[in-house]
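All remarks here apply to the structure that follows.
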2 protein chains.
Amino acid sequence: MANRAKATIFDIAREAGVSKSTVSLVLQGSGLIRPETASKVRKAIEDVGYVYNRGAANLRKAHSNVIGMVINDLTNPFFAELAVGMERVFQSAGIVPFIANTAENPVRQEEVLKSLMEQGVAGLIVSPARGTTPGAFRRIETAGLPVVFAMRRLPESRIPVIAPDNHRGAYLATAHLIGKGHRRLVFFGGSSDLVVYHERLGGFREACETQGIAARDALVVEGETSRRGGIACLETALAMAEPPTAALCFNDAVAFGAMLALRKRRLEPGTDFAIVGFDDVAEAEHYMPALTSVAVDSAGLGERAAHVMLKMIQSRTTRAEDHIGAVNLVVRESCGPDRRTRNRTAGSGSMN
Amino acid sequence: MANRAKATIFDIAREAGVSKSTVSLVLQGSGLIRPETASKVRKAIEDVGYVYNRGAANLRKAHSNVIGMVINDLTNPFFAELAVGMERVFQSAGIVPFIANTAENPVRQEEVLKSLMEQGVAGLIVSPARGTTPGAFRRIETAGLPVVFAMRRLPESRIPVIAPDNHRGAYLATAHLIGKGHRRLVFFGGSSDLVVYHERLGGFREACETQGIAARDALVVEGETSRRGGIACLETALAMAEPPTAALCFNDAVAFGAMLALRKRRLEPGTDFAIVGFDDVAEAEHYMPALTSVAVDSAGLGERAAHVMLKMIQSRTTRAEDHIGAVNLVVRESCGPDRRTRNRTAGSGSMN
DNA sequence: GCTACTAAATGGAACGTTCCAATAAATCAA
DNA sequence: TTGATTTATTGGAACGTTCCATTTAGTAGC
């Protein structure tokens, strides 16, 4: 039976007939205690319904066992995956990750970061909200708290970053489209307040350039990074005097939107207009037609980020190397058959 | 400039030329302090790069400002929505929600709950993992910590529950199918270790019974609650001697799987076989064909759960009333046109 | 029987806050 | 002026741990 008031190590000590110090030692699994004593103490712990007060402990201990994960949008499975990947690693390291959502809101992010710091976290893994100001992490940095950015980075910051190779992913996808025979391409969705956008757009442009597409045939339509944004982008593109025939989308959501809009116009994604997505969310595989997309392995990046964080905590540093995760293009149906050689049917065979 | 060692209220006190008590008062926004003194202190706080130590404060204060949200599967947008709904409410109440994921693993859940308690949370909102043992929350209950279950409940527990009206949702959906002329129905997916499963299945059965469907025409195929599970369920159903013509699926993921499997067999969801989902995730609307589904407003339920929790904390009680959220059937395309009016041959041998 | 050692257990001083009771300073009533 | 009252500020004792320096008990050597 638990008393109304919370039990402390003193209560346990009395119950077990030992001193508080002995109880503390048992709690920490110290080998200095005689096994019989330890089990006597453990029994008392059970009896009084004791719950350890980590706050009090952290007052003395140097480091806490919790790290904070600050995610810009938990309802996006892509980022949720990231969180889950990190959790796996931390769990086995005996440290507890607390997740907080910023809903892409820098103000909320500020609050969340403050809370986490006050809570005394040992480190922070952050996927920064859109529109985060460059100074938002200065306070945390000067406090000497290890921070890692995941998936996204800030324009000019020394904080280590774990992110996919956006440039290369976009390059691969674009090259694939060009290889399919497309000569007038467009980049759909995203906006320039995101570093990721510039990276992906950069890959797109480089591919166009090196594969002999004129700059005036490498179009860009900015837009929301959502289904709705994708719909709007497609409308805009098709309204052009000389419409493109293929689009690389900022992410899969945009791609789904674009395909939806094509269908609405009785155009078939793949044969009438080629679409490539980015992120390769679970849905991409099951879409109709299945979406060709750049896979980034977000759970894997989450694990990597967690490992980097553990290293930083262990070695008491606030610096670490960036890590750029490999990407690969998963070719499915949304780019249709080869346009140059119409006779050849692109089955499951060769690509590139 | 921040020093290497963390600054405390004593450092601020020295800097501002006041006592630690004064600093503490300022920190708490007490009106007892002369405004000039307060601003002097605030400046010092800024100067030394102070971060509040909530752990130390909680040692004295009765209640902390953090509550824990324990979610069974964050990668499921349905549950992520729930978390986001709660966050909205808590944020404006000045309390900080920390989210933890149990990945549907009771052992992990145990750890997470322990951690959260040790951290000194003021309350817990839990969507219990599948296979949670009835005794898993006894410890927390005897500790007098307020707990609310969201979305899911445990077989025999006195903990308040905020959940959708699963029974009614399933009833509505089934009645819709029967109204469309179907006479041999099946319930797809889920397994009996989940209370939700029994609720939904119960609604399905009651609808069949009261609308004149023989018990032997109300089939059940258990299975994983995922796309893959849905695929398997459909295969099983179509392999039957007398296959059903319509399915109520445990959730939308199962429904998507079933539709996928139909397509693979060159059958058209809606016209050849009717499908209804459950949860109405965002994807349902955009699917091809759009999925008829039971909408449960998970974000709304999250908000409700948060409000209940705030009340419990405020009134220092551990009891509260259950809240069953309204559901409504969103009719889209996956059930096709009315079968009765089209032609009278509803599969083989429907004589009711 | 004494010292020297080891093993096991312990008391006390932190840790960074809050809160209460007490003080100091300022204002007012007479 | 004196005492009473209000307004600002302050010291000290918690809160529940950890960790260090001791103490106590037990064992071994001689």
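These numbers come from a predicted model, not from an experiment. Chain letters run A, B, ... following the sequence lines, proteins first, then strands; residues in each count from 1. Scope of the values below: all heavy atoms of this structure, side chains included, with no hydrogens, waters or symmetry mates.
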Would you mind checking if Glu199(A) and Arg152(A) are paired as a salt bridge, meaning a charged N to carboxylate O distance below 4.0 Å? no
Sidechain-backbone polar pair: Glu303(B) side chain, Gly85(B) backbone, donor-acceptor under 3.5 Å: no
Between the side chains of Ser24(B) and Gln28(B), does any donor sit under 3.5 Å from an acceptor? yes
Atom pair distance, as rounded to whole Å: CG in Asn53(A) and C1' in dG16(D): 6 Å
Distance check needed: dC15(C) C1' versus Asp11(B) CG, whole Å only. 13 Å
Heavy-atom donor-acceptor pair, Arg60(A) side-chain to dT18(D) base, under 3.5 Å: yes
Here the distance between atom C1' of dG16(C) and atom CZ of Arg14(B), to the nearest Å, is 14 Å
With under 30° as parallel and over 60° as perpendicular, where do the rings of Phe137(B) and Phe149(B) fit, or are they tilted in between? perpendicular
Look at the side-chain N and O atoms of Gln28(B) and state whether any lies under 4.0 Å from the OP1 or OP2 oxygen of dC19(C). yes
Flag the pair Glu118(A) and Lys114(A) as a salt bridge only when some basic side-chain nitrogen lies within less than 4.0 angstrom of an acidic carboxylate oxygen. yes
Do Arg108(A) and Glu111(A) meet the salt-bridge criterion of a basic N to acidic O distance under 4.0 Å? yes
Could you write nucleotides 6-11 of chain C as a row of B, S and -, 5' to 3', where a protein heavy atom under 4.0 Å of any base atom gives B, of only sugar-phosphate atoms gives S, and otherwise -? --SSBB
Mind checking if Tyr52(B) touches a base, just sugar-phosphate, or nothing, with heavy atoms under 4.0 Å? sugar-phosphate
Atom CG of Leu59(A) to atom C1' of dC15(D): distance rounded to whole Å? 9 Å
Measure CD/Glu118(A) against P/dG16(C) and give the value in whole Å, please. 15 Å
Without decimals, in angstroms, what is the distance between Lys61(B) NZ and dC19(C) P? 7 Å
Under 4.0 Å: is that the gap between some side-chain N or O of Ser24(A) and OP1 or OP2 of dT18(D)? yes
To the nearest angstrom, the CG-C1' distance between Asn58(B) and dT17(D) comes to 14 Å
Under 3.5 Å, is there a donor-acceptor pair between the side chain of Ser64(B) and the main chain of Gly120(B)? yes
note: Glu36(A), atom CD; dA25(D), atom P; distance rounded to Å ~ 17 Å
